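Remember, it's a predicted structure, so these values are computed and weren't measured experimentally. FYI, side chains are in, hydrogens and waters are out, and symmetry mates aren't considered; it's all heavy atoms of this structure.
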Amino acid sequence: AAQLKQALSDERDLEAFFGNAPKVHPKARTITGVVCGVRVEAIDDPLTQKIRWLDKLIDELAKGRSLDTILRA
């Protein structure tokens, strides 16, 4: 929580946010689907793909799906 508050107060952009993140969940690559008409797994740019993973994760959580289901755990 403290790190998130610090990131928000620093007004970091998404590139800095993901660049300073300790690590991406090892199963993040299993997040698939379509966000804004684009297949998440087909995105070539690593930063854009991470942003879309986050978008998809939020969308699925908002629909009531569990994190284990989304990450195919």
Side-chain angles (χ1 to χ4, degrees):
Q3 290 175 335
L4 180 58
K5 286 181 183 179
Q6 182 65 41
L8 292 171
S9 69
D10 290 350
E11 297 183 12
R12 292 182 194 165
D13 59 18
L14 287 172
E15 186 172 13
F17 175 79
F18 284 109
N20 292 321
K23 64 180 179 175
V24 174
H25 193 284
K27 291 193 173 193
R29 295 195 178 281
T30 65
I31 298 172
T32 59
V34 178
V35 175
C36 298
V38 178
R39 295 221 55 91
V40 174
E41 60 273 19
I43 298 171
D44 292 327
D45 180 62
L47 177 61
T48 302
Q49 189 173 49
K50 288 176 186 172
I51 293 168
R52 293 304 183 188
W53 283 340
L54 187 58
D55 286 342
K56 187 66 177 174
L57 183 64
I58 292 167
D59 287 349
E60 295 298 318
L61 289 171
K63 291 177 185 175
R65 293 187 66 199
S66 71
L67 188 58
D68 287 342
T69 302
I70 298 164
L71 296 175
R72 297 171 190 0

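- Considering all non-hydrogen atoms of both residues, Cys36 and Arg52 come closest at SG-NH1, 3.7 Å.
- Taking Ile, Leu, Val, Met, Phe, Trp and Tyr as hydrophobic and joining them when side-chain heavy atoms fall under 4.5 Å apart, one finds Ile43 in a cluster with Val38.
- Linking Ile, Leu, Val, Met, Phe, Trp and Tyr residues whenever their side-chain heavy atoms come within less than 4.5 Å places Val40 and Leu71 in a single cluster.
- Across every non-hydrogen atom of Thr69 and Arg65, the tightest pair is CG2-NH2, 3.0 Å.
- Note: the hydrophobic cluster containing Leu61 does not contain Val34 (ILVMFWY, side chain heavy atoms under 4.5 Å, direct or indirect links).
- With rounding to the nearest 0.5 angstrom, the CD atom of Gln49 is 8.5 Å from the CD atom of Glu41.
- Hydrophobic clustering of Ile, Leu, Val, Met, Phe, Trp and Tyr side chains at less than 4.5 Å, counting indirect connections, keeps Ile51 apart from Trp53.
- Atom NZ of Lys50 is separated from atom CG of Leu57 by 15.0 Å, given to the nearest 0.5 angstrom.
- Scanning both residues, Leu47 and Glu15, for their nearest heavy atoms gives CD2-CB, 3.8 Å.
- More than 12 heavy atoms of other residues, nucleotides or ligands shown are found within 6.0 angstrom of CZ on Phe18.
- Asp59 has no carboxylate O lying under 4.0 Å from a charged side-chain N of Lys56, or vice versa, which leaves the two without a salt bridge.
- Following chains of ILVMFWY side-chain contacts shorter than 4.5 Å, one cannot reach Leu54 starting from Ile31, and the two form parts of different hydrophobic clusters.
- Using a 4.5 Å cut-off between side-chain heavy atoms of Ile, Leu, Val, Met, Phe, Trp and Tyr, with links allowed through other members, Ile58 and Ile70 fall into different hydrophobic clusters.
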